[in-house]
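Structure record follows, encoded as structure tokens.
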Amino acid sequence: MTGKDNDKSFIEVRELSKHFGEFVAVDAVNLRIERGELFSILGGSGCGKTTLLRMLAGFETPTSGRIFLDGVDITDQPPYERPVNMMFQSYAVFPHMTVEQNVSYGLQKERMPRNEIASRVGEMLALVKLEDYASRKPDQLSGGQRQRVALARALVKKPKVLLLDEPLAALDRKLREHTQFELMNIQDELGITFVVVTHDQEEAMILSNRIAVMEQGRFEQIGTPKEVYEFPCNRFVADFIGTINTFEGVVQTSGEGEITVASDECGHSLRAYCDTPPRNGSDICLAVRPEKIYISQTEPDNDEDSCLRGVIEDFGYFGNLSLYRIRLETGKVVQVSAQNRRRSTERFLEWDDQVFISWRPRSAVVLEN
Amino acid sequence: MKRQSRFVFSMLVFGYAFLYVPLLSVVVYSFNDSNLATIWGGFSTRWYGELLKNDQVISALLLSLKIAISAATLATLFGTMAGIALSRFGRFRGRNLFTGMITSPMVMPEVITGLSLLLLFVTLQQLTGWPTQRGYATITIAHTTFAMAYVAVIVQSRLAAMDQSLEEAAMDLGGHPFRVMLDITLPLILPAMVAGWLLAFTLSLDDLVIASFVSGPGGSTLPMLIFSKVKLGVTPDINALATLIMLFVSAGVLVAWTIGRRMQRP
């Protein structure tokens, strides 16, 4: 079972499934992760992401499919033989051991000589900045410190892959931001492949080289954060990552990478670019991100852009930006966000103001049904 | 509001009095100088002295302690194994049956437990020649069977409250399942095992009914001795003995409770 594979992908998951009775948690997924990548699996609760991670760690036995790591089939290896370590969502720091004992546990199981263990543990504690806490017990540590113990403990064995289950979920906002960058630095320094499972899209965006968006046991899209955000491949992904406005419509004219769409929802025809234009008359959906839409009180004179008229139904002030909900004449509500570039005590836009919203044809994503 | 609280308070006093005045009277009368257990004749500790000179009482006490220690130890061993099986082995075949069978001695009338064990021992003796006489061994086995139910429940609840990813983390770090059990699981359920041991010890020390069924001539435990003495009339040294037992049992319960409290801490 351990023959070298021709394929050069570092982690390769082939047609992997996990069924719990009738319920299909993971449904024949395929995945390739390269060496040194920081890869995120993003999805809502119950989408199967944790089950997938647990199969990579060896805690769940796949119903079918294989997992290869560095060319070796590890599907049938028990967790204690896999060159993979995991950082648990609860951190799972052993409460009856000191920080040092926690970190050295994995090396002791490897029967590493004592002096070597001491130096490796010291190195790791320095990396996560916990040198001064070596003899503390976990109940004397803060949440952030416990997390770093868990990280050091998982990294000390120099695994080929580090699995992280919701690594930042239990931290408060300030600490999260700090830890995000720390994780990225550590990953960079050690060159270990990270696989992160998260439900937090912001976390996935900032951390990862690539993201897999998961839903009902399948991957909806795998790509860089930019690809997933700017070029979502379907409605689920578009809707799941960030907010997006969707306009249902029918393709009117289609040619040379450009289409016009008749949309009853906004009472206008809209223009959009796409590489493989759908046929005339097909039902499609145009999706536009709130920050791609301009808002103005005068009609923009650029007739290339799609332009709609509406009134401000509601708005929210977030400091750095403002979010507007604009009701079109047809009754559809469009979300628009605008940077608050100017510092001013007076408000420019108020409730019930008549406004024009417009966007570039290139800003709209064409989603086929 | 005020009225109600006075009512509640008097109910409380009445309730406690109902529970503790009889016990207190035993303690007070243990210091009675009179030869008659129910008539006060001045303060004295002579019955405690008499007690120490009474070989019958001393040997019954030693037998009781020997049985309690052995039974509690065996019950902790088997109960812990059962508790781990119940909470960590997932859904195995016959799990519900096992759960029911583990906890049934807790709800089974003692008379029935005692009777069925007696029948077991008698049949065993006819078939295999063992046990040749009923006493220490048979009572220990009987006490183990019902005390392990309590230990199993305590250990199981401790394991249910424990984060299972601790064991997974240890396994992930290279610990084989058996090592993980020794390194992680056992140290973390140790308080539950100690509490279970103390409970089993107390239960064994208290038991009269089951012991009466499964013991034979010469194998009298302390509760059995007291019971038989009381049937001949209450003598003051029984009061002294009862006081000592109360002291001992409450100390045990207090220790078990303290350990249990410490266990609650995450």
Side-chain angles (χ1 to χ4, degrees), chain A residues 20-21 50 53-54 56-61 77-97 101-112 117 121 137-139 141 143 146 149-159 161-166 170, chain B residues 76 80 83-96 154-197 256 258-266:
Chain A
F20 294 107
T50 300
L53 196 77
R54 289 173 61 83
L56 291 174
F59 298 128
E60 303 283 355
T61 317
Q77 282 181 8
Y80 45 88
E81 280 169 15
R82 293 189 185 196
V84 168
N85 285 129
M86 178 152 166
M87 200 178 98
F88 289 81
Q89 182 171 11
S90 62
Y91 306 149
V93 176
F94 306 136
H96 58 302
M97 297 186 189
Q101 287 167 334
N102 260 285
V103 177
S104 60
Y105 185 83
L107 299 177
Q108 277 164 11
K109 298 301 118 184
E110 267 181 15
R111 303 189 182 284
M112 185 181 270
I117 291 183
V121 170
K137 283 281 186 75
D139 58 2
L141 299 176
R146 262 194 292 249
V149 175
L151 182 66
R153 191 180 67 181
L155 284 171
V156 78
K157 291 188 76 176
K158 303 206 168 123
V161 180
L162 180 70
L163 307 171
L164 301 101
D165 190 3
E166 304 274 2
Chain B
T76 306
T80 303
I84 290 174
L86 283 176
S87 62
R88 283 295 183 266
F89 283 27
R91 299 176 151 270
F92 54 87
R93 260 182 83 136
R95 187 180 188 280
N96 286 337
I154 294 175
V155 167
Q156 190 193 355
S157 70
R158 170 66 174 166
L159 280 169
M162 196 176 111
D163 183 6
Q164 201 164 347
S165 54
L166 289 172
E167 286 152 326
E168 286 177 348
M171 217 187 287
D172 184 60
L173 291 166
H176 287 251
F178 186 68
R179 286 280 350 155
V180 172
M181 177 84 81
L182 296 181
D183 292 342
I184 310 296
T185 318
L186 284 181
L188 291 176
I189 60 171
L190 192 64
M193 288 167 67
V194 173
W197 191 92
T258 316
I259 290 170
R261 280 262 301 206
R262 199 162 316 153
M263 208 169 93
Q264 297 289 309
R265 252 186 9 187

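Proteins come first, then strands; the chains are lettered A, B, ... in the order of their sequence lines, and each starts at number 1.
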- How are the rings of A/F94 and A/Y105 set relative to one another: parallel (under 30°), tilted (30 to 60°) or perpendicular (over 60°)? perpendicular
Does the side chain of [Y] come within less than 4.5 Å of [X]'s, by heavy atoms?
| X | Y | result |
| --- | --- | --- |
| A/P83 | A/Q77 | yes |
| B/E168 | A/M86 | no |
| B/I184 | A/H96 | yes |

For [X], is it the side chain, the backbone, both, or neither that has a heavy atom closer than 4.5 Å to a heavy atom of chain B?
| X | result |
| --- | --- |
| A/M87 | neither |
| A/V84 | backbone |
| A/R153 | both |
| A/F59 | side chain |

- Task: For B/R179 and A/K109, indicate whether the former's side chain and the latter's backbone hold a donor-acceptor pair under 3.5 Å.
- Result: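 Not at all, since once roles are kept as given, no pair shorter than 3.5 Å links the two residues.
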- Query: Quick one: what part of B/D172 sits under 4.5 Å from any heavy atom of chain A, side chain, backbone, both or neither?
  - Reply: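 Both parts, backbone and side chain.
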